[in-house]
Amino acid sequence: MATHPLFNDFKANKPSFGAWLTMPGYFHARAMAQSHPDLSWIIIDCEHGLTSMVPGAAEAVSAIQGVKANMQGPSAVLRIPATSVSDSTSWQIKYALDSGARGVLVPYVGTAEKAREIVQDSRFPEPGKNFRRGFGSAFTHLNWGITSLEYKDNANEHVLVMVQIESKEGVENVEEIAKVDGIDVLFIGPNDLSISLGYPMPAPDVHPEVEKVIQHILQVCKQNNKKCAIFCTNGAEAARRAREGFDMMNVSVDLWALQGGIKTELDVAYLHHKQG
């Protein structure tokens with residue numbers, strides 16, 4: 001079974017740095033995956049981004065994974081559009097994993113019951129387990145560089161299941177959510193978490209009271225042997241969170257990097273033009 005950088009980072013207990021993809025397109029995703037040799041993962045954002053679930057997600061996964069031999073590019077993780085309060089997560093998890101994604105991220109998870117449902121939808125049936133993921137895609141294994149049977153026999157171990165803690169309900173139930181067998185990562189969304197708790201959006205730092213909640217979630221993860229991820233706005237913040245003990249941090253968002261890069265160079269051009 002092909003492993004992947006994010007999985008390897010977790011196994012080695014080392015911080016894993018990645019990036020956030022919001023814009024669609026095969027070549028955009030491929031260029032992003034080629035941006036740095038040590039880029040471990042890319043989250044394809046189908047919730048707030050512009051990539052469609054079908055066929056956009058599978059095309060993005062293929063572009064990202066295919067930048068290295070044997071489909072060993074950065075780990076492509078897909079954030080589905082449906083939040084946990086909807087009834088649509090099951091089929092969207094199916095589409096996400098059938099695309100060949102190395103992991104799935106479900107937004108706005110607030111209860112252990114929903115977390116268990118997400119695990120059931122993400123794993124192929126095993127004796128003694130109430131898993132219910134269906135097998136049958138003709139394309140999934142191609143984005144892993146293995147046979148379909150190899151994928152079926154090993155996916156339960158290597159596909160990462162992530163739930164996003166970004167609501168008051170999620171905070172209230174975080175201890176029970178972290179105890180759910182089969183959940184690999186609790187992912188903190190500081191923006192919606194701040195709003196849900198009645199505090200302003202981070203600007204750029206979160207409110208001190210929200211920071212206390214974030215640190216509490218981190219400690220709950222450690223106590224329950226779960227990985228803890230958090231959305232960051234830049235590399236410096238990602239490095240700081242890594243020093244605090246977080247396991248998975250993004251260093252940028254594609255749109256921000258594009259806009260910021262052009263702005264920086266345009267500012268330089270205008271400055272030199274005026275001085276010239």
Side-chain angles (χ1 to χ4, degrees), residues 4-6 9 15-53 56-57 59-61 63-65 67 73-83 96 99 101-108 160 162-166 185-196 200-206 210-211 214 227-242 244 246-267:
H4 50 97
L6 179 57
D9 287 346
S16 192
F17 297 106
W20 211 266
L21 187 151
T22 65
M23 294 185 288
Y26 180 93
F27 292 103
H28 175 74
R30 190 173 183 85
M32 190 172 173
Q34 292 172 319
S35 62
H36 197 286
D38 294 325
L39 180 68
S40 287
W41 54 270
I42 294 176
I43 284 186
I44 304 165
D45 190 353
C46 294
E47 182 191 15
H48 295 304
L50 300 179
T51 299
S52 63
M53 290 289 293
E59 292 172 347
V61 170
I64 293 166
Q65 301 295 165
V67 298
S75 303
V77 176
L78 202 150
R79 178 161 77 165
I80 65 172
T83 63
S99 76
R102 297 327 193 230
V104 61
L105 174 60
V106 180
Y108 234 78
L160 298 170
M162 310 180 187
V163 295
Q164 205 156 349
I165 307 299
E166 50 185 345
V185 182
L186 273 62
F187 201 116
I188 300 172
N191 292 336
D192 281 330
L193 180 60
S194 298
I195 297 171
S196 176
M201 295 265 289
D205 295 329
V206 299
V210 178
E211 183 62 34
I214 289 173
K227 299 299 181 181
C228 194
I230 188 167
F231 181 88
C232 297
T233 56
N234 54 58
E237 182 185 2
R240 174 171 62 85
R241 291 302 191 184
E244 292 173 357
F246 287 88
D247 303 289
M248 179 181 178
M249 297 72 50
N250 63 298
V251 300
S252 190
V253 175
D254 56 353
L255 180 60
W256 299 351
L258 177 63
Q259 292 176 321
I262 293 173
K263 179 184 183 303
T264 297
E265 297 306 323
L266 196 56
D267 287 344

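Quick caveat, the model's predicted, so the values are computed rather than measured.
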inquiry  = With a 4.5 Å cut-off on side-chain heavy atoms, are W256 and N234 touching?
reply    = no
request  = For residues L105 and F187, report the shortest heavy-atom separation together with the two atoms involved.
outcome  = CD1-CB, 3.8 Å
request  = Give a yes or no on whether the backbone of C232 and the side-chain of N250 come within a donor-acceptor separation of less than 3.5 Å.
outcome  = yes
ask   = Which heavy-atom pair separates A242 from F17 by the least distance, and what is that distance?
value = CB-CZ, 3.9 Å
inquiry  = Could you report the tightest heavy-atom contact between M32 and W20, atom names first, then the distance?
reply    = CE-O, 3.1 Å
query = Are the side chains of L255 and M23 in touch, meaning some heavy atoms are under 4.5 Å apart?
reply = yes
message = Within the 4.5 Å heavy-atom criterion, are P202 and N191 side-chain neighbours or not?
response = yes
task = Can you measure from NE2 (H28) to CG (L50) and round to the nearest 0.5 angstrom?
result = 9.5 Å
query = Under the salt bridge (charged side-chain N to carboxylate O under 4.0 Å, His left out) rule, what pairs show up with a residue in residues 43-53, not counting sequence neighbours?
reply = D45-R79, E47-R79
query = Between K227 and L160, does a side-chain contact (heavy atoms from CB on, under 4.5 Å) hold up when you go through it step by step?
reply = CA-CA 10 Å; K227 299 299 181 181; L160 298 170; over 6 Å; no
ask   = Which value, rounded to the nearest 0.5 Å, describes the distance between I43 atom CD1 and S75 atom OG?
value = 10.5 Å
ask   = If you measure from CD1 on I214 to CD1 on I188, what distance do you get to the nearest 0.5 Å?
value = 5.5 Å
ask   = Taking C-beta and beyond as the side chain, do Q164 and P107 meet within less than 4.5 Å on heavy atoms?
value = yes
Residue pair A96 / I80: nearest heavy atoms and the distance that separates them = CB-CG2, 4.0 Å
request  = Report the residues that fulfil salt bridge (charged side-chain N to carboxylate O under 4.0 Å, His left out) with R241, sequence neighbours left out, ordered by chain and then residue number.
outcome  = E211, E244
remark   = Output for pair (L186 CG, I165 CD1), nearest 0.5 Å, gives 4.5 Å
query = If we only count heavy atoms from C-beta on, is the P190 to V210 side-chain gap below 4.5 Å?
reply = no
ask   = So F231 and L193, side-chain contact (heavy atoms from CB on, under 4.5 Å) or not? Walk me through it.
value = CA-CA 11 Å; F231 181 88; L193 180 60; over 6 Å; no
task = Answer yes or no: is there a side-chain heavy-atom contact under 4.5 Å between I230 and E237?
result = no
inquiry  = Could you go through R30 and V67, starting from their C-alpha distance and side-chain angles, then the distance that decides it, and tell me whether this counts as side-chain contact (heavy atoms from CB on, under 4.5 Å)?
reply    = CA-CA 7 Å; R30 190 173 183 85; V67 298; 3.7 Å; yes
remark   = Taking every heavy atom of I44 against every heavy atom of A76, the minimum-distance pair comes out as CD1-CB, 4.2 Å
ask   = Taking all non-hydrogen atoms of both residues, which atom of S16 and which atom of L6 are closest, and how far apart?
value = OG-CD1, 3.3 Å
ask   = Mind checking whether T51 and E59 have side chains closer than 4.5 Å, heavy atoms only?
value = no
request  = Tell me, with the steps shown, if V185 and D247 meet side-chain contact (heavy atoms from CB on, under 4.5 Å).
outcome  = CA-CA 9 Å; V185 182; D247 303 289; over 6 Å; no
